[in-house]
Peer 1: 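First the structure, which I've put down as structure tokens, then a few questions once you've had a look.
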Amino acid sequence: MKRFLALLAACATILGLTALFGPQAVAATGCKVDYTVTSQWAGGFQAGVKVTNLGAPVNGWTLAITMPDPGQKVVQGWNATWSQSGSTVTAVGIDWNRTLATGAAADVGMVGSFTGANPKPTAFTLNGVACTGSVDGTPSPDPGDDDGTPVGINGQVHVCGVHLCNQYDRPIQLRGMSTHGIQWFSQCYNDASVDALAKDWKADLLRVAMYVQEDGYETDPAGFTNRVNSIVDMAEARGLYALIDFHTLTPGDPNFNLDRAKTFFASVAARNAGKKNVIYEIANEPNGVSWTAIKSYAEQVIPVIRAADPDAVVVVGTRGWSSLGVSDGSNESEIVNNPVNATNIMYAFHFYAASHKDSYRSTVSRAAAQLPLFVTEFGTVSATGGGALDRASTTAWLDLLDQLKIGYANWTYSDAPESSAAFQPGTCDGSDYSSSGVLTESGTLLKGRISTPDNFPTS
Ligand code: IDC
């Protein structure tokens, strides 16, 4: 009897430990799954899977998906750790989505291959419990501190499928402006100018372009880190997202600045981890360098950011000045076939409307079905940052980005003496950033586009 009790106690201990540390600690009592094939091509498909927990809160979950056709294989996935055994595909929640309150949902997704007809899955379980969606009354997320600003409405953003999604798991497009190099134009970023961006332009986003070379970060790491942080704070105070741009340009290989990037991002990510408005852009425009070298850089910098700020979105620059490789004679397939091994990331695409036209637009249209894209920089003029504004091409680009819900930041919110700047030279010496007289032709066009209503989804 004593021996039996001891055995029982040992079992209880093991069970207890499993309950504490096992990924399936708390079983859900109900769940609902929305499975959507978002695109399909010869032998391949992409699917979004939204799993809603209708049972007790879980801290750690495993979603098992039964694929009916033996030819269906998961190739890659996002927002979860994916694996497959026979006909069962498994997605395990990761650091930032592993906790699901009652009624909360996780949006995950996968790219798969198939050889037969690609039928939809026949069954789903969450922590071993069948998802029938039979319990209703899903509570909507707490509106929390919605103050009507972009960050107030959307909260912490994350990548869902090929989109950027808000706290309600709905795709959103963030529209805004990029600073010029803050080593040259710091006088343009002050309370009055950021007020104008938030209130008059009704922008969602300010990109903070911190050059690394050209008298930038490398000359004063602590000083530039502080300047970036203070602009992040100015954006946060007005409910704007801040895109922290590690503005590598020359040399084009981001690995040249790998150690600087690790130091910089460890610092800004730790300092800004608690904020909901920060997105990290780890390399502005890689050029003269292969995609594999860029991917290697990304896979070393992203873990540094995640260690400090696990839930932030990270944007990765692409080959050929962030042209998805097009300006180097390549295209998005090198990324699709060999993506960065990380979740919650997007890929940067840049264009200058007078230089980059239909062939670039068709690449973006095609790539947008397979890769989460963010236009972290673009100009209305030529790639030099000067020359005539190309209204027709800019309009075609912005219509396309609106239609695809791809976020963008325009180069530049500055009074630089070049046609890409939004303000007339000398504007930043004064305090008027609002009247129409201070705008350039490019600034007038962009303010007109950006200030139209966002209509962000709130449920
Ligand atoms: C340009 C600036 C210009 C500056 C030059 C070199 O407009 O004043 O002298 O950089 O630093 C990019 C780059 C961006 C460029 C911009 C226009 O990301 O730094 O800014 N551009 O040439 N990619 C394509 C164009």
Side-chain angles (χ1 to χ4, degrees), residues 176-189 205-219 224 227-228 231 243-254 256-257 261 279-289 294 297 315-328 347-357 359-361 363-364 373-390 393-394 397 401 407-428 440-443 446:
M177 296 295 292
S178 174
T179 70
H180 203 294
I182 58 170
Q183 79 275 39
W184 297 313
F185 289 90
S186 60
Q187 68 279 10
C188 290
Y189 312 108
L205 170 79
L206 176 61
R207 178 190 194 227
V208 186
M210 186 198 70
Y211 276 72
V212 186
Q213 276 72 45
E214 301 186 57
D215 297 326
Y217 177 81
E218 66 179 0
T219 64
F224 277 97
R227 280 200 231 180
V228 168
I231 299 176
L243 181 60
I244 298 181
D245 161 33
F246 193 69
H247 201 87
T248 57
L249 185 59
T250 310
D253 183 351
F256 178 84
N257 288 304
I279 300 173
Y280 302 98
E281 181 182 2
I282 60 176
N284 167 50
E285 290 189 350
N287 57 87
V289 65
I294 302 166
Y297 167 84
V315 186
V316 180
T318 58
R319 186 173 152 205
W321 295 273
S322 286
S323 68
L324 291 170
V326 179
S327 291
D328 261 358
Y347 296 94
F349 181 82
H350 291 179
F351 67 85
Y352 278 73
S355 305
H356 309 123
K357 301 189 178 182
S359 64
Y360 288 83
R361 281 191 281 268
T363 299
V364 167
L373 301 180
F374 204 126
V375 173
T376 54
E377 181 186 311
F378 79 95
T380 56
V381 298
S382 87
T384 62
L389 176 142
D390 190 328
S393 177
T394 301
W397 269 115
L401 301 184
Y408 62 75
N410 173 249
W411 185 264
T412 56
Y413 197 67
S414 83
D415 66 352
E418 52 192 17
S419 53
S420 51
F423 294 109
Q424 299 286 352
T427 300
C428 301
T440 61
E441 195 185 357
S442 188
L446 260 299

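We count ligands from 1, going down the list as the structure has it; atoms in each ligand are counted the same way.
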Peer 1: To the nearest 0.5 angstrom, please state how far the OG1 atom of Thr376 sits from the CH2 atom of Trp411.
Peer 2: 10.5 Å

Peer 1: Could you work out, with ring pair (Phe, Tyr, Trp, His ring centres under 6.0 Å) as the rule, every residue matching His356, not counting sequence neighbours?
Peer 2: Tyr360

Peer 1: Kindly compute the distance separating CG (Leu401) from CZ (Phe351), expressed to the nearest 0.5 Å.
Peer 2: 5.5 Å

Peer 1: Which value, rounded to the nearest 0.5 Å, describes the distance between Gln213 atom CD and Phe256 atom CZ?
Peer 2: 5.5 Å

Peer 1: Which protein residues have a heavy atom under 4.0 Å from ligand 1?
Peer 2: His180, Trp184, Tyr211, Glu214, His247, Leu249, Asn284, Glu285, Tyr352, Glu377, Ala383, Thr384, Gly385, Trp411, Glu418

Peer 1: Assess, by modelled atom type and distance only, whether the side chains of Ser382 and Thr384 contain a donor and an acceptor separated by less than 3.5 Å.
Peer 2: yes

Peer 1: Fit a plane to each ring of Phe185 and His180, take the angle between them on a 0 to 90° scale, and name the class: parallel (under 30°), tilted (30 to 60°) or perpendicular (over 60°).
Peer 2: tilted

